[in-house]
Amino acid sequence: MPELPEVETVRRGLAPHMTGRIIRDLTLNRPDLRFPFPQHFKDRLTGARIQQVSRRAKYLLIHVEDAGGDEAIWLSHLGMTGRFEIRPGGDGPAPALDAHFYAQAQSEAVAKHVHVQMELDDGTHIHYADPRRFGYMDLFPADTPYPAFVRMGPEPDAHLTFEDFYPRLTQRGLPIKSALLNQEVIAGLGNIYVCEALFRAGISPRRKANRLGPVRVARLIPAIQDVIAEAIAAGGSTLRDFRHSDGALGYFQHRFAVYDRAGAPCLQSDCTGIVQRIVQSGRSTFFCPHCQR
DNA sequence: AAAGTTGCCTGCAAGC
DNA sequence: TGCTTGCAGGCAACTT
């Protein structure tokens, strides 16, 4: 469940249940996800107190203080299909935000792929399921920089500045679409939101990054900020794995202007173009050749 | 059938 | 010539 808005949605779902709690028990149902769990993963986390649930790009960060008083960060990347499911302890209905976790937990196919189970000190159970097992978890000391974050670019939020973004973006001669997927250029964007941001900015995905002038970059920045902010506000997007047969949850109703709309008319007013699908760096790109230049 | 991710691998081309 | 760098493409994981 991948791009930044989806991870942020998960973070907001988990934080109220996890913050301040102690991990009473942790069970690993297999030795690895995409990578092996780090050594002593279970032992270090059992008995630890969760201080905070944060996020960097597409990484979920669970800040813990272990029984010995050492502070560490439990990192979780959801890959393509990773998801957390919450079953609160005690009684009373679950908060609305958790509805989709329930929906997922009831699926037999998902239950088969629960790889991590934990119980908190208030009786809450949290499961991590990941059918394709492309996610991974790690545990590192809070005071050392995590390797993946050292060279990572800025978050696509309100703090993104032209001064920071422009030089990172225009360094190389690869297509802008590919440049924006590079997490060292900007963090947290994936295939869907790159397509959507380029559409909003009216920039062709084929344009070479080093051929973008300041005018286009200045247009691209708010396009990125807006598309991400709107997707977070909508609680993430409609992703394949989250389409339910009943469609009852109005939770993932964010609509895309170009993504997955090949052959459909461009939604830009006064544009007569048809959305095209091309492949760049092995990934699908959707765009309107008429209004994206 | 193609799908949101990303690290690792190979191979190719360019530049110094 | 040989070294480095950049980039494309393939693969891996598996279910829907």
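Numbers restart at 1 for each chain; the letters A, B, ... are given by sequence-line order, proteins then strands.
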Practice task
Report yes if a side-chain nitrogen or oxygen of Lys112(A) is closer than 4.0 Å to either non-bridging phosphate oxygen (OP1 or OP2) of dC14(C); otherwise report no.
Solution key: no
From OH of Tyr146(A) across to C1' of dT6(B) the rounded distance in Å is 12 Å
| task | Could you tell me whether Trp74(A) and Phe140(A) have their ring centroids closer than 6.0 angstrom? | result | no
Re dC14(C): Watson-Crick or G-U wobble partner, both distances kept under 3.5 Å, found to be none
- Message: When you measure from the side chain of Arg49(A) to the backbone of Gly20(A), do you find a donor-acceptor pair of N or O atoms at a distance under 3.5 Å?
- Response: yes
Checking dC7(C), dT5(B), dG7(B) against the side chain of Met80(A) (C-beta onward), the nearest is dT5(B)
Against the side chain of Tyr136(A), the closest entry in dA3(B), dA8(C), dG7(B) is dG7(B)
- Hey, does Pro147(A) reach any base, or is it just sugar-phosphate, or nothing, if we go heavy atoms under 4.0 Å? nothing
With the side chain defined as heavy atoms from C-beta on, Arg172(A) is closest, among dG4(B), dT5(B), dG6(C), to dG6(C)
Query raised in the report: Does a side chain donor of either Asp130(A) or Thr81(A) reach within less than 3.5 Å of an acceptor in the other side chain?
Result: yes
Here the distance between atom P of dC14(C) and atom CZ of Arg83(A), to the nearest Å, is 16 Å
Leu181(A) atom CG is separated from dT5(B) atom C1', nearest whole Å, by 10 Å
- request: Look at the side chain of Arg207(A) and the backbone N and O of Arg211(A), then say whether any donor-acceptor pair between them is shorter than 3.5 Å.
  value: yes
Between dA2(B) and dG9(C) - P atom distance, rounded Å
16 Å
### Task
Report yes if at least one side-chain N or O of Arg34(A) is closer than 4.0 Å to OP1 or OP2 of dC14(C); otherwise report no.
no
The nucleotide from dA2(B), dG4(B), dG7(B) with an atom nearest the side chain of Phe35(A) is dG7(B)
> Side-chain N or O of Arg132(A) less than 4.0 angstrom from OP1 or OP2 on dT15(C)?
Replying inline: no
Picking from dT6(B), dC7(C), dC14(C), the nucleotide nearest the side-chain atoms of His113(A) would be dC14(C)
Would you say a side-chain N or O of Tyr259(A) is under 4.0 Å from OP1 or OP2 of dG4(B)? yes
Is the distance between the ring centroids of Phe149(A) and Tyr59(A) under 6.0 Å?
yes
Exercise. Are Arg283(A) and dT5(B) close enough that a side-chain N or O sits under 4.0 Å from OP1 or OP2?
Worked result: yes
Between CZ of Arg133(A) and C1' of dG7(B) the distance, given in whole Å, is 17 Å
Separation of dT6(B) atom C1' from Ile192(A) atom CD1, nearest Å, is 16 Å
Of dT15(C), dA2(B), dT6(B), the nucleotide closest to the side chain of Ser284(A) is dA2(B)
Taken to the nearest whole Å, CD/Glu184(A) to C1'/dG7(B) is 12 Å
* With heavy atoms under 4.0 Å as the rule, sort Gly135(A) into base, sugar-phosphate or nothing. => nothing
When rounded to whole Å, the CG to C1' distance for the pair Asn191(A) and dG4(B) reads 8 Å
C1' spacing across the pair dT10(B) / dT1(C), given as an integer number of angstrom: 22 Å
| query | Looking only at side-chain N and O atoms, does His77(A) come under 4.0 Å of OP1 or OP2 in dT6(B)? | reply | yes
Taking a pair to mean Watson-Crick or G-U wobble geometry with both distances below 3.5 Å, dA14(B) pairs with dT4(C)
Note: Arg168(A) and Met152(A) closest approach over all heavy atoms is NH1-O, 4.3 Å
Rounded to whole Å, CG of Leu33(A) lies from P of dA12(C) at a distance of 18 Å
